[in-house]
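Single-structure report; data block below.
Here, residue 1 is the first one in the sequence, and each next residue gets the next number. In this text, all values refer to a predicted model and were calculated from it rather than measured experimentally. These values consider heavy atoms only, across backbone and side chains, with no hydrogens, waters or symmetry-generated copies.
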Amino acid sequence: MSDILLSPYAITLYKIGAMVGALMGGVSVMTWIERRLSAVIQYRWGPNRVGPMGLFQPIADGVKFIMKEDIIPRDAHRPIFILAPAIALTTALCAFAVIPFGPMIEVAGMQIRLVILNLDGGLLFALAASSLGVYGLVCAGWSSRNKYSLMGGLRSSAQMVSYELALGLSLIGVLLVSGTLRPVEIVEQQAGWFWNWNVFSGWQLLGFLIFLIAGFAETNRLPFDLPEAESELVAGYHTEYSSMKFAMFFMAEYVAMITISSLAVTLFLGGYQLGFPVPFEGWALWLLQIGAFVAKVGFFLLLFVWVRWTLPRFRYDQLMTIGWKRLFPLALANIFLTGLLVALEVIQR
């Protein structure tokens, strides 16, 4: 029995359960943080009734979504309408599978790497999974048989194409420096002091900024929330959704935020690496490294919230201009400069 409980398949299931639980817990925490931080920015109270400082508000919201009536429009395409929220949430969860959230640890004499899928093409898997999320939005807009929803779905597809290109190109500089598509190896190459992180030692500051801006557009967050745009499209692609189907879109957005933040940390900021040497090993170091990863991701999640409640929404022409006339040329320039620097470094050796 113990062999079954400690088999590689069982350990993978444990890691999947831990990942999904942590992501869903992070979604709950982020809903509270967003509402409280937005209240601070706007000089108001925010949630403060359910529990101390409104800490139990996410639980109340969950119960509210479960108890709400689940309405499906009469003319909607029912199979696609029901499937769309699941597509959005599932793809957001899958993209996190290749991100190492901690070092290799030892449990009961076994070496366990804190990543679910340690793939050779792990980075490609993450990009593919995250880009598939747009199908959930497009299907939701089309299947609702609602003009506002359809317009939101079309906007999401155009936005995804425009910014997925810049986002993917911004990572080529990291690949040129690291020489691998495996996120675990990319993190291990950034060990030691913080100046070994790719954003510094790999000359990838420009690539990092492009990735960050494109990440905002990928997650449909302000100032890039044109697919929802409540002042123009009521609620965009999820106008006709209610109850837990709407909650799944809500959760997918926050999971996508966590995934994009984790990718930024993994590829540019050392992942779980502390950025400085410590005089101890074992569980103390492992827990500290996991905490460092969580802290770095938490910083970017706070940045997502801060930007949302600070900047106004772009016009649609501005959105396209930034994606095609600004970020795309800069991403190509970053590839050229990185390739030139890598070539010069090889020549000097």
Side-chain angles (χ1 to χ4, degrees), residues 12 15-16 19-20 23 80 83-101 113-142 153-187 198 204 207-208 210-221 224 227 237 248-249 251-268 271 297 300 323 327-328 331-332 334-335:
T12 300
K15 290 191 286 188
I16 292 173
M19 182 203 74
V20 173
L23 289 175
I80 302 299
L83 188 62
I87 295 174
L89 182 57
T90 303
T91 53
L93 289 171
C94 288
F96 197 88
V98 296
I99 298 175
F101 51 89
R113 193 179 291 278
L114 296 183
V115 61
I116 295 173
L117 293 175
N118 186 16
L119 302 177
D120 287 333
L123 187 55
L124 295 179
F125 178 90
L127 293 176
S130 62
S131 63
L132 286 175
V134 72
Y135 283 100
L137 279 57
V138 173
C139 288
W142 176 81
L154 291 173
R155 283 187 174 186
S156 67
S157 61
Q159 184 169 312
M160 179 68 73
V161 170
S162 301
Y163 285 86
E164 188 79 27
L165 188 61
L167 186 142
L169 291 175
S170 69
L171 301 182
I172 293 180
V174 174
L175 303 183
L176 289 172
V177 173
S178 303
T180 179
L181 284 165
R182 196 186 290 263
V184 170
E185 294 181 3
I186 293 175
V187 173
N198 284 330
Q204 291 305 302
F208 169 66
I210 294 171
F211 180 87
L212 191 61
I213 296 171
F216 274 91
E218 284 279 299
T219 54
N220 297 320
R221 297 279 295 185
F224 297 97
Y237 60 90
M248 291 176 73
F249 280 120
M251 290 187 289
E253 178 179 320
Y254 280 100
V255 172
M257 286 168 53
I258 297 173
T259 301
I260 287 293
S261 300
S262 300
L263 278 174
V265 168
T266 298
L267 300 175
F268 295 98
V297 172
F300 285 104
L327 295 185
F328 179 57
L332 292 177
N334 181 65
I335 295 172

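For A84 against A140, the heavy-atom pair with the smallest separation is CB-N, 3.6 Å. The two residues I210 and A166 come nearest to each other via the heavy atoms CG2-O, 3.8 Å. Closest approach of V115 and A97 over heavy atoms only: CG2-O, 3.7 Å. Listed here is the closest heavy atom pair of S156 and V138: OG-CG2, 4.0 Å. Taking each heavy atom of L137 and A88 in turn, the nearest pair found is CD1-CB, 4.4 Å. Contact between G122 and V98 at its shortest, heavy atoms only, is O-CG2, 3.3 Å.
Formation of a donor-acceptor pair under 3.5 Å by the T266 side chain with backbone atoms of L263 is not found in this model. Using a distance-only test at 3.5 Å, with no hydrogens or angles considered, no donor-acceptor pair links the side chain of K15 to the main chain of L114. One N or O on the side chain of S131 and one on the backbone of A128 form a donor-acceptor pair closer than 3.5 Å. A donor-acceptor contact shorter than 3.5 Å is absent between the side chain of E253 and the backbone of N220.
Residues F96 and I258 have side chains in contact (heavy-atom distance under 4.5 Å, counting atoms from C-beta outward). For the pair F216/Y163, no side-chain contact is recorded, criterion being any heavy-atom separation below 4.5 Å from C-beta on. Counting only heavy atoms from C-beta outward, the side chains of P183 and I99 never approach each other to under 4.5 Å. Proximity of M251 to L23: side-chain heavy atoms (C-beta onward) are nowhere separated by under 4.5 Å. In this structure, the side chains of L167 and L127 come closer than 4.5 Å at one or more pairs of heavy atoms.
Note that the CG atom of L169 and the CD1 atom of I172 stand 5.0 Å from one another [nearest 0.5 Å]. Here CG of N334 is found 7.5 Å from OG of S170. Values are rounded to the nearest 0.5 Å. Rounding to the nearest 0.5 Å gives a distance of 6.5 Å between CZ of F125 and CG of L119. Between atom CZ of residue R113 and atom CG of residue N118 there is a gap of 5.5 Å, rounded to the nearest 0.5 Å. Interatomic distance, L332 CG to L327 CG, rounded to the nearest 0.5 Å: 11.0 Å. Remark: T219 OG1 to F224 CZ distance equals 9.0 Å, nearest 0.5 Å.
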Just do the side chain to side chain contact (heavy atoms under 4.5 Å, CB included) check on V134 and V161 with the steps written out, would you? CA-CA 9 Å; V134 72; V161 170; over 6 Å; no
Evaluate the side chain to side chain contact (heavy atoms under 4.5 Å, CB included) criterion for residues L181 and L175: first the C-alpha distance (whole Å), next the side-chain angles of each, then the deciding distance (0.1 Å), finally the verdict. CA-CA 7 Å; L181 284 165; L175 303 183; 3.5 Å; yes
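Using a 3.5 Å distance cut-off with no hydrogens or angles, the side chains of T180 and E185 do pair a donor with an acceptor.
With respect to V255, the side-chain contact (heavy atoms from CB on, under 4.5 Å) criterion is satisfied by exactly one of I260, V20, L93: L93.
By the 30° and 60° cut-offs, the orientation of the rings of F300 relative to F208 is perpendicular. Ring geometry for F268 versus F211: interplanar angle of 30 to 60°, hence tilted.
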